[in-house]
Protein chains: 2
Amino acid sequence: MDQKINHAIKNITIFSKKHAELLRKVMTVTDYKKGETIYWEGDAAEKLYFIVSGMVKVFKSADDGKDLVLNYFSTDDLFGELACFGPTNYTFTAEAAKDCKIGVLKQREIELLMLEKSEISIDFIKWMSYMSQYTQIKMRDLLFYGKNGALASTLIRMVHSYGKETENGIQFTTNFTNSDLAQLIGSTRETVNRMLQALKKEGAISYNQGSIVVKDLDYLKTICHCEECPLHICRL
Amino acid sequence: MDQKINHAIKNITIFSKKHAELLRKVMTVTDYKKGETIYWEGDAAEKLYFIVSGMVKVFKSADDGKDLVLNYFSTDDLFGELACFGPTNYTFTAEAAKDCKIGVLKQREIELLMLEKSEISIDFIKWMSYMSQYTQIKMRDLLFYGKNGALASTLIRMVHSYGKETENGIQFTTNFTNSDLAQLIGSTRETVNRMLQALKKEGAISYNQGSIVVKDLDYLKTICHCEECPLHICRL
DNA sequence: TTCAAAGTGTGACAATTATCATACACTTAT
DNA sequence: ATAAGTGTATGATAATTGTCACACTTTGAA
């Protein structure tokens, strides 16, 4: 079965080459070690971040210590809130999931760019529109078909973002632990582990050196009643 | 206890008076009867909608017939996707929840406005930013503290959007059925009903002529571990 | 004013998901 | 080679939530 896999659909591609160049010019690249916090919830949202290399997770911690991960961003992704010309605070926290090089764009600079080159604000609007749709369909996926559907949809998203087709199936270029998956779907490590075992028994996935290989993408799609959303929003 | 209630925080107030006026000028007001669809999921997102009067719900139906309601909008709310200068399709459906008068703004007109008066795009960006944060914290509320937490947070949002303080407690100016509430939190009518009965026993709510009265807002806040988000995003 | 439709209340039970406990595998540092 | 740390696998059990069934109440239109 011919399964198209389009990995590395990064959200900077929403910007025109010229505009992306402009952003690169004004940003200041900073290093973050794995585990370092890029911004905390509650912080003023006055910067945007562009990932030159590495990986970042955006998440929220519950009082009882559980985390909910909203997104993982990697090379060539832009993230942060664009609370343009007005104060807003982050509701989620961003943390380096791997060592990162991150280009930081100050609100001020973005505002200036938008004023002197108003077409770039169109690109920002597109970008926000994608981010917004991403969150909406993620919510749908997490609520519609139980934790099983939520996990299936997450595996599909992983295929899109980190999948590499091999003769054995689709391998991931990045490993996520059972806990990582649990935090992505608002569940527990144990539940995720059991669901993965079940998927293995059913032949939908297998393991290669401890990491997941997707064998039957279509089967995963039936579990979450996949609607074949555009790939730039069906991502991790 | 002094409970501040700030209802009718409508998202058009994000726009400056002048800009809101501009929008009003270019929009075409149309009537929608209760139950009529304003746009279907899958439709091209090429219009924005401004509610002159009435109420609209934005939702998604699962294959098994269950609905998930993302938001209710009412007078002075602006809704729709702003997929500026590029094609996108709606992922949710919008339907008149009451008879409505709705101002329709064509993508083309918005684009023209933005080009000739670039500061208005700032307002659109702010608006999108709010909508996006709304969805994020809604997701948090639906996933963190079980269905009970989800219901409590929804009642709090209702207080902000439709609450009116009286000597008996906070009454709602609009009624939502148990099913409506269930669709807002991704649950079932029966479960919502049982949770409401429990809240009644605990004295957090009561009933007045069949409609819910909030007696103890603080108690609801403890259930969902309320973080006192800004009122423009803590709404229905 | 009466009847159908829509909404509510609740029991009994099933399914899903979380929690707690424990064993084991695998890596890495000493 | 050993111990500590991290991650996986799985049983037993509890808690949460959904499903089905049915009675009752309220509402609104003929």
Side-chain angles (χ1 to χ4, degrees), chain A residues 34-35 62-69 97-98 141-155 172 174-202 205-213 223-225, chain B residues 33-35 62-69 97-99 141-155 172 174-202 205-213 223-225:
Chain A
K34 177 176 174 171
D63 281 3
D64 56 20
K66 251 173 230 161
D67 284 353
L68 174 67
V69 175
K98 297 182 181 171
D141 287 343
L142 295 194
L143 289 166
F144 264 179
Y145 302 108
K147 297 302 177 188
N148 241 289
L151 179 62
S153 98
T154 302
L155 290 171
F172 295 126
T174 306
N175 280 349
F176 292 91
T177 66
N178 291 356
S179 300
D180 291 336
L181 292 172
Q183 296 179 346
L184 277 162
I185 67 174
S187 180
T188 62
R189 186 185 65 74
E190 294 96 323
T191 299
V192 165
N193 184 267
R194 280 181 241 264
M195 291 191 293
L196 288 174
Q197 295 308 316
L199 287 175
K200 199 173 96 183
K201 264 198 198 108
E202 291 153 4
I205 63 171
S206 70
Y207 282 88
N208 185 1
Q209 297 152 220
S211 71
I212 299 173
V213 180
I223 295 177
C224 61
H225 300 233
Chain B
K33 286 263 160 248
K34 176 174 175 172
D63 282 3
D64 56 21
K66 251 173 230 161
D67 285 352
L68 174 67
V69 175
K98 295 182 181 171
D99 291 355
D141 287 344
L142 295 194
L143 288 166
F144 265 179
Y145 302 108
K147 297 304 178 187
N148 240 290
L151 179 62
S153 98
T154 302
L155 290 171
F172 295 125
T174 306
N175 280 349
F176 292 90
T177 66
N178 291 356
S179 300
D180 292 337
L181 292 173
Q183 297 180 344
L184 277 163
I185 66 173
S187 181
T188 61
R189 184 188 69 76
E190 293 94 326
T191 299
V192 165
N193 184 269
R194 280 181 241 265
M195 291 190 294
L196 287 174
Q197 295 308 316
L199 288 175
K200 200 173 96 184
K201 265 198 198 109
E202 292 153 5
I205 63 170
S206 70
Y207 282 87
N208 185 0
Q209 297 152 220
S211 71
I212 299 173
V213 180
I223 296 177
C224 61
H225 299 233

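First the proteins, then the strands, lettered A, B, ... as listed; each starts at 1. Since this is a predicted model, take the numbers as computed values, not measurements.
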Visitor: Is there a side-chain contact between N178(B) and the phosphate of dT8(C), meaning an N or O under 4.0 Å from OP1 or OP2?
Guide: yes

Visitor: Report the distance from atom CG of L181(A) to atom P of dG7(D), rounded to the nearest whole Å.
Guide: 12 Å

Visitor: Looking across every strand, which nucleic acid part, if any, lies under 4.0 Å from K200(B) by heavy atom: base, sugar-phosphate, or nothing?
Guide: nothing

Visitor: Which nucleotide in the set dT10(D), dT8(C), dT10(C) lies at the smallest distance from any side-chain heavy atom of R194(B)?
Guide: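 Of the candidates, dT10(C) comes closest.
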
Visitor: Mind calculating the distance between NZ (K201(A)) and C1' (dT8(D)) to the nearest angstrom?
Guide: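 In whole Å, dT8(D) C1' lies 14 Å from K201(A) NZ.
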
Visitor: I want to check one thing: is the phosphate of dA15(D), taken as OP1 and OP2, less than 4.0 Å away from some side-chain N or O of K147(B)?
Guide: no

Visitor: I need the CD-P distance between Q197(A) and dC24(C), as an integer number of Å.
Guide: 17 Å

Visitor: Go through the steps for I223(B) and L155(B) under the test side-chain contact (heavy atoms from CB on, under 4.5 Å), then give the verdict.
Guide: CA-CA 11 Å; I223(B) 296 177; L155(B) 290 171; over 6 Å; no

Visitor: Describe the nucleic acid contact of N193(A) in one word from base, sugar-phosphate, nothing, applying a heavy-atom distance below 4.0 Å.
Guide: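 Here N193(A) touches the bases of the nucleic acid.
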
Visitor: Please report the distance, rounded to the nearest Å, between CD1 in I212(A) and C1' in dT8(D).
Guide: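 It is 11 Å, rounded to the nearest whole Å.
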
Visitor: State yes or no: are the ring centers of H225(A) and F144(A) separated by less than 6.0 Å?
Guide: no

Visitor: Any side-chain to backbone donor/acceptor pair from K147(B) onto G186(B)? Under 3.5 Å, distance only.
Guide: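 A pair under 3.5 Å: yes.
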
Visitor: Could you check which of dA12(C), dA9(D), dT17(D) has an atom nearest any side-chain atom of T191(B)?
Guide: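 Among the listed nucleotides, the one closest to the side chain of T191(B) is dT17(D).
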
Visitor: Hey, is the main chain of T177(A) close enough, under 3.5 Å, to the side chain of D180(A) for a donor-acceptor pair?
Guide: yes

Visitor: Going by modelled atom types, is there a donor-acceptor pair between the base of dG9(C) and the side chain of R189(B) at under 3.5 Å?
Guide: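 A donor-acceptor contact between them is present.
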
Visitor: T188(B) side chain: which of dA9(D), dG18(D), dT10(C) is closest?
Guide: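 Nearest to the side chain of T188(B) among the choices is dG18(D).
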
Visitor: In whole Å, I'd like the distance from the CD atom of Q183(A) to the P atom of dG7(D).
Guide: 11 Å

Visitor: Calculate the interatomic distance between L143(A) atom CG and dT17(D) atom C1'; express it in whole Å.
Guide: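 Rounded to whole Å, this separation is 13 Å.
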
Visitor: Reckon K66(A) has a side-chain N or O less than 4.0 Å from the OP1 or OP2 of dT19(C)?
Guide: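 Checking dT19(C) against K66(A), a side-chain N or O does come within under 4.0 Å of OP1 or OP2.
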
Visitor: Have a look at E190(B) and say if it touches a base, only the backbone sugar-phosphate, or nothing, with a 4.0 Å heavy-atom cut-off.
Guide: base

Visitor: NA contact type, G186(A), heavy-atom cut-off 4.0 Å: base, sugar-phosphate, or nothing?
Guide: sugar-phosphate

Visitor: Salt-bridged, D99(B) to K34(B), with N to O below 4.0 Å?
Guide: no

Visitor: How many Å lie between CG on L196(B) and C1' on dG9(C), as a whole number?
Guide: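 Going from L196(B) (CG) to dG9(C) (C1'), I get 11 Å.
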
Visitor: Provide, to the nearest angstrom, the distance between the CG atom belonging to N148(B) and the P atom belonging to dA15(D).
Guide: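 Those two atoms, CG and P, are 15 Å apart.
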
Visitor: Across the strands shown, which category fits T177(A) at heavy-atom distances under 4.0 angstrom: base, sugar-phosphate, nothing?
Guide: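 Contact class for T177(A): sugar-phosphate only.
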
